[in-house]
Peer 1: 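My structure is below; once you've seen it, I'll send some questions.
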Amino acid sequence: MNTQATILITGATSGIGESLLHKYAEEGYRVIACGRNTQKLQQLADEYHDVVPLAFDITDIEEINQSVMQVSGIEKIDILMLNAGDCRYIDNAKKFDGALFSQVIATNLQSLGHLLEGFLPKVPAGGQVVFVSSSATLLPFPRAEAYGASKAGVDYLAKSLALDLKAEAIDVTLVHPGFIKTPLTDKNDFSMPFMLSSEQAALRIFDGVRARKSYLHFPKRLTLLMKMLALFPDVVWQSIALRSNKK
Ligand SMILES: NC(=O)c1ccc[n+]([C@@H]2O[C@H](COP(=O)([O-])OP(=O)(O)OC[C@H]3O[C@@H](n4cnc5c(N)ncnc54)[C@H](OP(=O)(O)O)[C@@H]3O)[C@@H](O)[C@H]2O)c1
């Protein structure tokens, strides 16, 4: 009987997801690696015997359905790691970019419904679902109307699903990373305190998921400070946020 555990990672071609792929592959997992970058997926599959490349766009329902068919031979997915995401900013609030808002919601939140519909049936009792959200949901940030709203939706989805999956004996982990050095944050032009490497982030996620924790947040020197600030009246954070947003 094959006892090798299987993990499916979305967004495995870059940043946190790629570091997770390396960690899980090195720990002996079969990794179903997802992303749109087929060249990178093939490179990862060439590197590890047990990496299965699965190329699809998470905003395309047809492509998701085809991918579900492609892995129909794999009997179970022990860990469903929903990590893929994008961060884009609303640069002019008065000239609100509705298309950008929709695209960010589609990538970070709406996709999750289709991914759950396709892949959750493969997660057995004792399995796990992991949502990589963001510590950005702890406080409102300027220009983050789209990204923050999408990730706040992910938080609610994860917490609600955790309740409903109890009966199925499937554990849910919600992850709130702080700033992690990846291509996503390389685009940012503001200061990002207490930044971690993607390897450090992956290790924290790996350990927390193995311990079956329901909630992970790191680095704590950032997230605990944010949680404390969130306890004060809104005006306190607003004055800090507006001061630090001045060029
Ligand atoms: N970096 C941070 O500081 C930070 C902080 C908090 C939360 N997060 C969250 O962590 C997750 C990973 O972010 P990261 O920093 O590692 O970003 P990244 O290096 O830009 O990687 C994003 C990954 O998502 C995939 N992806 C994006 N859009 C996709 C689409 N439409 N279809 C399929 N795959 C798609 C990309 O794959 P392809 O390009 O191959 O499609 C890529 O593998 C995201 O959900 C992000 O919001 C990051």
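Computed over heavy atoms, backbone and side chain alike; hydrogens, waters and symmetry mates excluded. Every number for a ligand or one of its atoms is a count from 1 in the order of the listing. Worth saying up front: this structure is predicted, and the values here are computed from it rather than measured.
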Peer 1: Is atom CG of Asp91 surrounded by more than 12 heavy atoms (other residues, nucleotides or ligands) closer than 6.0 Å?
Peer 2: yes
Peer 1: For ligand 1, which atoms have a heavy atom of Pro183 less than 4.0 angstrom away?
Peer 2: 19 (O)
Peer 1: If you measure every N or O of Ile58 against every N or O of ligand 1, does any of those distances drop under 3.5 Å?
Peer 2: yes
Peer 1: Tell me which protein heavy atom sits closest to atom 22 (C) of ligand 1, plus the residue, atom name and distance to 0.1 Å.
Peer 2: Gly85 O, 3.6 Å
Peer 1: Tell me the protein heavy atom at minimum distance from atom 15 (O) of ligand 1, and give that distance in Å.
Peer 2: Thr182 OG1, 2.6 Å
Peer 1: Quick one: does any side-chain atom of Glu18 pair with a main-chain N or O of Ala12 as donor and acceptor, under 3.5 Å?
Peer 2: no
Peer 1: Just by distance, do the side chain of Asn83 and the backbone of Val132 share a donor-acceptor pair under 3.5 Å?
Peer 2: no
Peer 1: Is a side-chain donor or acceptor of Gln4 paired with a backbone partner of Gly28 at a separation under 3.5 angstrom?
Peer 2: yes
Peer 1: Distance to 0.1 Å, residue and atom name: give those for the protein heavy atom nearest to atom 44 (C) of ligand 1.
Peer 2: Asn83 O, 3.2 Å
Peer 1: Starting from atom 18 (P) of ligand 1, which protein heavy atom do you reach first, and at what distance in Å?
Peer 2: Ser14 OG, 3.5 Å
Peer 1: Numbering the atoms of ligand 1 from 1, which are under 4.0 Å from a heavy atom of Ala12?
Peer 2: 43 (O)
Peer 1: Of all heavy-atom pairs between Ala146 and Arg88, which one has the smallest distance, and what is that distance?
Peer 2: CB-O, 4.4 Å
Peer 1: Numbering the atoms of ligand 1 from 1, which are under 4.0 Å from a heavy atom of Val132?
Peer 2: 9 (C), 10 (O), 11 (C), 45 (O)
Peer 1: So if I count the atoms of ligand 1 from 1 in the order they appear, which ones are less than 4.0 Å from some heavy atom of Gly35?
Peer 2: 40 (O), 41 (O)
Peer 1: Among Pro177, Ala55, Ala84, Ala136, whose heavy atom sits nearest atom 26 (N) of ligand 1?
Peer 2: Ala84
Peer 1: Non-hydrogen atoms of Lys151 versus ligand 1: any pair closer than 4.0 Å?
Peer 2: yes
Peer 1: With no hydrogens and no angle check, just 3.5 Å: does a side-chain donor-acceptor pair link Asn108 and Ser150?
Peer 2: yes
Peer 1: Give me the nearest non-hydrogen protein atom to atom 43 (O) of ligand 1 as residue plus atom name, then the distance to 0.1 Å.
Peer 2: Thr13 OG1, 2.7 Å
Peer 1: Which of the atoms in ligand 1, numbered in the order shown and given with their element, are less than 4.0 Å from a heavy-atom of Gly11?
Peer 2: 23 (C), 24 (O), 25 (C), 42 (C), 43 (O)
Peer 1: Please classify the Ile180 to ligand 1 contact at 4.0 Å (heavy-atom distances, strictly less than): side chain, backbone, both or neither.
Peer 2: both
Peer 1: Determine whether the side chains of His114 and Asn65 contain a donor N or O and an acceptor N or O closer than 3.5 Å.
Peer 2: no
Peer 1: Between Gln200 (side chain) and Ser197 (backbone), is there a donor-acceptor pair under 3.5 Å?
Peer 2: yes
Peer 1: Would you call Lys95 and Asp97 a salt bridge, taking side-chain N to carboxylate O under 4.0 Å as the test?
Peer 2: no
Peer 1: Taking the side chain from Thr185 and the backbone from Ile180, do they hold a donor-acceptor pair closer than 3.5 Å?
Peer 2: yes
Peer 1: What part of Tyr147, side chain, backbone, both or neither, has a heavy atom within less than 4.0 angstrom of ligand 1?
Peer 2: side chain
Peer 1: Once you restrict to heavy atoms under 4.0 Å, what part of Thr185 touches ligand 1? Side chain, backbone, both or neither.
Peer 2: side chain
Peer 1: Do Asp171 and Arg212 sit within salt-bridge range, that is, some charged N less than 4.0 Å from a carboxylate O?
Peer 2: yes
Peer 1: What protein heavy atom sits nearest atom 39 (O) of ligand 1, and how far away is it?
Peer 2: Arg36 NH2, 3.5 Å
Peer 1: Can you name the residues that form a salt bridge (charged side-chain N to carboxylate O under 4.0 Å, His left out) with Arg210, not counting sequence neighbours?
Peer 2: Asp207
Peer 1: For Phe179, take its heavy atoms, then give the atoms of ligand 1 lying under 4.0 Å from any of them.
Peer 2: 3 (O)
Peer 1: Using a 4.0 Å heavy-atom cut-off, which part of Ser133 comes near ligand 1: side chain, backbone, both, or neither?
Peer 2: backbone
Peer 1: For Gly15, take its heavy atoms, then give the atoms of ligand 1 lying under 4.0 Å from any of them.
Peer 2: 16 (O), 19 (O)
Peer 1: Find all atoms of ligand 1 within a distance of less than 4.0 Å from any non-hydrogen atom belonging to Ile16, and give their numbers and elements.
Peer 2: 10 (O), 16 (O), 48 (C)
Peer 1: Quick check against the 3.5 Å criterion: does Ser244 have a side-chain atom that pairs as donor or acceptor with the backbone of Ala241?
Peer 2: yes
Peer 1: For ligand 1, is there an atom lying under 4.0 Å from some heavy atom of Asp57?
Peer 2: yes
Peer 1: I'd like to know whether ligand 1 has Cys87 as a neighbour, heavy-atom separation below 4.0 Å.
Peer 2: no
Peer 1: Under 3.5 Å, is there a donor-acceptor pair between the Tyr89 and Glu145 side chains?
Peer 2: no
Peer 1: Starting from atom 5 (C) of ligand 1, locate the nearest protein heavy atom and write down its residue, its atom name and how far away it is, to 0.1 Å.
Peer 2: Gly178 O, 3.0 Å
Peer 1: May I have all residue pairs that pass side-chain hydrogen bond (donor to acceptor under 3.5 Å, both in side chains) and include part of residues 218-230, sequence neighbours excluded?
Peer 2: Tyr215-Lys227, His217-Thr223
Peer 1: Of the backbone atoms (N, CA, C, O) and the side-chain heavy atoms from C-beta on, which set of Ser135 has a member under 4.0 Å from an atom of ligand 1: side chain, backbone, both, or neither?
Peer 2: neither
Peer 1: Can you tell me which residue and heavy atom of the protein come closest to atom 17 (O) of ligand 1, and the distance to 0.1 Å?
Peer 2: Leu184 CB, 3.4 Å
